[in-house]
Trainee: 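Okay, handing you the structure first.
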Amino acid sequence: MDEEVVSNFEKLFRRAATAREREQLRHMQQTLGLYESDALWLIVLALQYYESLYLQYPKAIGQAASEILDDVKKVSDRVIRASAESAKADLAKAVVSVARDVARDTARRQMTQWLVVGMFAGAGLLGIGIFIGSRL
């Protein structure tokens, strides 16, 4: 194979051709029956160049997707922690409110019980007073 083709390849790609790439060029030359001075080489090299560029896209897309997923994970972790703290605060408020309501209800029940006991005691004392008063 003509070194001019390899040289053009290296100029276009801005790097040295690998052994695999040289083999591909030889294979194309033999398969397509190209001569070293054939103008078709320019098209072949341009197509290979664009192929190499397109092969880089999946890596770039994968890297960008990975970065985006990392950012989403960080944000979701922060949101989850904030939600957990908010839920704890809401639960604490609810517990305090329920405890206050239970204490108030218990106090009312006890107050009602003592009021009833007091009324019975007063009625009993009044009955005893009336009984004693009628005997005198």
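Reckoned from all heavy atoms, side chains included, excluding hydrogens, waters and symmetry mates. Since the model is a prediction, treat every value here as computed from it, not as a measurement.
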Trainee: Do any side-chain atoms of residues 118-136 form donor-acceptor pairs under 3.5 angstrom with protein atoms, and if so which ones, sequence neighbours left out?
Mentor:
residue, atom, partner, partner atom, Å
Ser134, OG, Ile130, O, 3.3
Ser134, OG, Phe131, O, 2.8

Trainee: Between side-chain atoms of residues 49-75 and protein atoms elsewhere (two or more places apart, or another chain), which donor-acceptor pairs fall under 3.5 Å?
Mentor:
residue, atom, partner, partner atom, Å
Ser52, OG, Tyr49, O, 2.6
Lys73, NZ, Asp77, OD2, 3.1

Trainee: Check the pair Arg20, Glu23 against side chain to side chain contact (heavy atoms under 4.5 Å, CB included), reporting the backbone distance first and the verdict last.
Mentor: CA-CA 5 Å; Arg20 182 174 176 264; Glu23 178 58 35; 5.6 Å; no
Trainee: Among the clusters formed by ILVMFWY side chains lying less than 4.5 Å apart, do Val5 and Leu32 turn up in the same one?
Mentor: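 Shared cluster, yes.
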Trainee: Who passes salt bridge (Lys or Arg N to Asp or Glu O under 4.0 Å) against Arg14, sequence neighbours left out?
Mentor: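 Not a single residue meets the salt bridge (Lys or Arg N to Asp or Glu O under 4.0 Å) criterion with Arg14.
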Trainee: Look at the side chain of Thr106 and the backbone N and O of Val102, then say whether any donor-acceptor pair between them is shorter than 3.5 Å.
Mentor: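 Yes, Thr106 side chain to Val102 backbone: donor-acceptor pair under 3.5 Å.
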Trainee: Mind jotting down which residue pairs meet the salt bridge (charged side-chain N to carboxylate O under 4.0 Å, His left out) criterion with at least one end in residues 103-127? Sequence neighbours excluded, please.
Mentor: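 Counting only pairs at least two positions apart or across chains, the salt bridge (charged side-chain N to carboxylate O under 4.0 Å, His left out) contacts touching residues 103-127 are Asp101-Arg104.
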Trainee: Got a second to check how far Glu36's CD is from Trp41's CH2, nearest 0.5 Å?
Mentor: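 So the CD of Glu36 and the CH2 of Trp41 are separated by 8.0 Å.
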Trainee: Verify the cluster assignment for Tyr35 and Leu42: are they in a single hydrophobic cluster under the rule of side-chain heavy atoms below 4.5 Å apart?
Mentor: no
Trainee: How many angstroms lie between OG in Ser86 and CG in Leu91, if you round to the nearest 0.5 Å?
Mentor: 11.0 Å
Trainee: Count I, L, V, M, F, W, Y as connected when their side-chain heavy atoms are under 4.5 Å apart, and connections chain through other members. Are Leu25 and Leu40 then in the same cluster?
Mentor: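 Same cluster: Leu25 reaches Leu40 through Ile, Leu, Val, Met, Phe, Trp or Tyr contacts under 4.5 Å.
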Trainee: Only counting residues at least two apart or in another chain, list the ones meeting side-chain hydrogen bond (donor to acceptor under 3.5 Å, both in side chains) with Gln48.
Mentor: none
Trainee: How close do Val6 and Ala17 get, counting heavy atoms only, and between which atoms?
Mentor: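 Closest approach of Val6 to Ala17: CG1-CB, 4.3 Å.
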Trainee: Please check if Ile43 and Phe9 belong to a single hydrophobic cluster, counting links between Ile, Leu, Val, Met, Phe, Trp and Tyr side chain heavy atoms closer than 4.5 Å.
Mentor: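 Yes: a chain of side-chain contacts under 4.5 Å links Ile43 to Phe9.
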Trainee: Just jot down the salt bridge (Lys or Arg N to Asp or Glu O under 4.0 Å) partners of Lys88, sequence neighbours excluded, or say none.
Mentor: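 With neighbours one apart ignored, the set is Glu85.
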Trainee: I'd like to know if the side chain of Ser7 reaches the main chain of Glu3, judged simply by a donor and an acceptor atom lying under 3.5 Å from each other, with no hydrogens or angles considered.
Mentor: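 Such a contact is absent between Ser7 side chain and Glu3 backbone.
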Trainee: Do you know the tightest heavy-atom contact between Leu45 and Phe13?
Mentor: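 For Leu45 versus Phe13, the nearest heavy atoms are O-CE1, 4.3 Å.
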